[in-house]
Engineer: 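This is the structure I want to talk about, given as structure tokens.
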Amino acid sequence: VSYRVISSDYALKVQKPEADFDTIQSDYLKKLEDFVMKYASSEDAAEAMVTIAMSREFEGKSDQALEWYQKASSSFPDVLWGQKATGALT
């Protein structure tokens, strides 16, 4: 439930016309990282890791993206988001 609350909050904030995307994105990623630390064994953590990885990739932070993809892939090899992370690594 916590992951869905974080994602929903983000979706609502970015839709506002006056939204400061950089601040909202930074806050969102921090919340996702906190979620992963707190709920590392949750299957939702795999999706959060891939979301962080994709964001880092778009930011041009390939090394950080690679670390997140590897973490999701190795921690959740039998979960869809872990498998997506594996695919991103190949």
Side-chain angles (χ1 to χ4, degrees):
V1 172
S2 296
Y3 177 73
R4 301 294 169 220
V5 170
I6 294 167
S7 296
S8 297
D9 181 58
Y10 170 75
L12 290 173
K13 286 180 179 178
V14 297
Q15 290 180 30
K16 295 180 180 177
E18 71 280 358
D20 177 355
F21 183 76
D22 290 339
T23 301
I24 294 167
Q25 182 75 2
S26 178
D27 182 54
Y28 175 57
L29 293 172
K30 172 70 173 119
K31 288 179 180 179
L32 290 181
E33 289 179 13
D34 291 346
F35 175 83
V36 169
M37 296 299 278
K38 188 172 183 177
Y39 302 104
S41 62
S42 163
E43 287 189 13
D44 286 336
E47 184 174 353
M49 289 178 202
V50 171
T51 300
I52 295 166
M54 289 189 301
S55 180
R56 297 300 184 227
E57 196 171 4
F58 288 131
E59 293 170 353
K61 299 176 181 176
S62 299
D63 291 343
Q64 290 180 21
L66 184 61
E67 288 176 23
W68 283 105
Y69 283 131
Q70 289 172 333
K71 188 172 182 175
S73 176
S74 63
S75 298
F76 298 95
D78 298 323
V79 174
L80 176 63
W81 286 98
Q83 294 166 354
K84 287 184 179 198
T86 302
L89 293 168
T90 57

Engineer: Under the rule for ring-ring contact (aromatic ring centres under 6.0 Å, His included), what residues qualify as partners of F35, not counting sequence neighbours?
Structural biologist: Y3, Y39
Engineer: Considering only heavy atoms from C-beta outward, does the side chain of Y28 approach that of K13 to under 4.5 Å?
Structural biologist: no
Engineer: Main chain of A11, side chain of Q15: is a donor-acceptor contact present, judged purely on distance under 3.5 Å?
Structural biologist: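 Yes; judged by distance alone, with no hydrogens or angles, the pair exists.
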Engineer: Kindly compute the distance separating CE (M54) from OG1 (T51), expressed to the nearest 0.5 Å.
Structural biologist: 4.5 Å
Engineer: Distance check, rounded to the nearest 0.5 Å: D22 atom CG versus D27 atom CG?
Structural biologist: 12.5 Å
Engineer: Does any non-hydrogen side-chain atom of Y69 lie less than 4.5 Å from one of K84?
Structural biologist: no
Engineer: Contact between V50 and W68 at the side-chain level, heavy atoms closer than 4.5 Å - yes or no?
Structural biologist: no
Engineer: Is the number of heavy atoms from other residues, nucleotides or ligands within 6.0 Å of CD (Q64) greater than 12?
Structural biologist: yes
Engineer: For residues V79 and L32: do they belong to one hydrophobic cluster (side chain heavy atoms under 4.5 Å, members Ile, Leu, Val, Met, Phe, Trp, Tyr)?
Structural biologist: yes
Engineer: Measure the CG-OG distance between L89 and S74 for me, rounded to the nearest 0.5 Å.
Structural biologist: 9.5 Å
Engineer: Is it true that a side-chain atom of T90 and a backbone atom of G87 form a donor plus acceptor pair closer than 3.5 Å?
Structural biologist: yes
Engineer: Measuring from R56:CZ to D63:CG, what's the distance to the nearest 0.5 Å?
Structural biologist: 12.5 Å
Engineer: Does L29 belong to the same Ile/Leu/Val/Met/Phe/Trp/Tyr cluster as F21, with side-chain heavy atoms less than 4.5 Å apart forming each link?
Structural biologist: yes
Engineer: I would like to know whether K31 and D9 meet side chain to side chain contact (heavy atoms under 4.5 Å, CB included); could you show each step before the answer?
Structural biologist: CA-CA 11 Å; K31 288 179 180 179; D9 181 58; 3.4 Å; yes
Engineer: Would you give the length of the straight line joining atom CD1 of I52 to atom CD of E59, rounded to the nearest 0.5 angstrom?
Structural biologist: 10.5 Å
Engineer: As an exercise, state the distance from OG of S7 to CG of L12, rounded to the nearest 0.5 Å.
Structural biologist: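 Interatomic distance, S7 OG to L12 CG, rounded to 0.5 Å: 11.0 Å.
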Engineer: Does K71 come within less than 4.0 Å of E33, counting only side-chain N to carboxylate O?
Structural biologist: no
